[in-house]
Amino acid sequence: MLNVTGLGAECELASWRSGFDVVEFVDLDDGRRITWREELGFSGSTSRGTQTRLRLTNGRELAREVLLVLDPDGDVHCTNDDYVITALKRLQQLGHDVDRVSVYAAPFRVEFGPRLREELARQIGQRLGGPSVEDSSGA
């Protein structure tokens, strides 16, 4: 029997213009990541004339948007017992025998993919007009 070490969602820039792909996952104690509901996503564009551009304000706001994609009703998706029960059922359907207590105890997190992290840092750096956190050591 396996233990679940984490539940969550990963958000990445979509291959389609000005959007985000969201994938739900569970991490197991044997190092595997099991994904489901890979068809999720949302638009993050603003229109100015004929040009559409992606605007990323900060990581916290983006994480909130990801949670709203997972639960459009605005319930606290990651702490709801119904979500844990659904996760258990999905894992069983996929043939994974997991300890149910570990699913309830697992932390929920939102992760950003590498392209999204890079674009988020670029846009925030431009907006702030200063050095990144790594560059502000004062040395």
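All values below were derived from every heavy atom in this structure, side-chain atoms included, with hydrogens, water molecules and symmetry-related copies excluded.
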Review point. Can E111 and R33 be counted as an ion pair, charged N to O under 4.0 angstrom?
Key: yes

Check your understanding: Can F108 and V84 be said to form a side chain to side chain contact (heavy atoms under 4.5 Å, CB included), step by step?
Key -> CA-CA 10 Å; F108 188 96; V84 174; over 6 Å; no

Point to revise | Criterion side chain to side chain contact (heavy atoms under 4.5 Å, CB included) on R100 and L91, from CA distance to verdict | key: CA-CA 10 Å; R100 67 186 197 126; L91 288 166; over 6 Å; no

Review point. Are L2 and F25 joined in one hydrophobic group, where the rule is that I, L, V, M, F, W and Y side chains link up if heavy atoms are under 4.5 Å apart?
Key: no

Practice item. Return yes if some donor-acceptor pair links the side-chain N/O of R115 with the main-chain N/O of L13 below 3.5 Å, else return no. Key: yes

**Study point:** Reported OG1-to-CG distance for the pair T5 and D27, which is rounded to 0.5 angstrom
**Key:** 4.5 Å

Review point. Under a 4.5 Å cut-off applied to non-hydrogen side-chain atoms, are C11 and E65 in contact?
Key: no

**Study point:** side chain to side chain contact (heavy atoms under 4.5 Å, CB included) assessment of R90 paired with H96
**Key:** CA-CA 9 Å; R90 287 178 182 155; H96 301 285; over 6 Å; no

Exercise for review: Start with the C-alpha gap between V98 and N3, add the side-chain angles, then the distance that decides, and say whether side chain to side chain contact (heavy atoms under 4.5 Å, CB included) holds.
Suggested key: CA-CA 6 Å; V98 298; N3 287 308; over 6 Å; no

Review point. Ignoring hydrogens and geometry, is there a side-chain-to-backbone donor-acceptor pair from E10 to V110 under 3.5 Å?
Key: no

Review point. OG1 of T86 to CD of E24: how many Å apart, nearest 0.5 Å?
Key: 9.0 Å

Review point. If you measure from CG on L88 to OG on S102, what distance do you get to the nearest 0.5 Å?
Key: 8.0 Å

Practice item. Indicate yes or no: does R64 engage E61 in a salt bridge with an N to O separation below 4.0 Å. Key: no

Exercise for review: Can you measure from CD (E12) to CG (D21) and round to the nearest 0.5 angstrom?
Suggested key: 8.0 Å

Revision key, fill the gap. V22 and A9 have their tightest heavy-atom pair at CG1-CB, 4.1 Å

Check your understanding: What pair of heavy atoms forms the shortest contact from G6 to R109, and how long is it?
Key -> CA-NH1, 3.8 Å

Review point. In this structure, which one of V26, V4, I85 forms a side chain to side chain contact (heavy atoms under 4.5 Å, CB included) with V103?
Key: V4

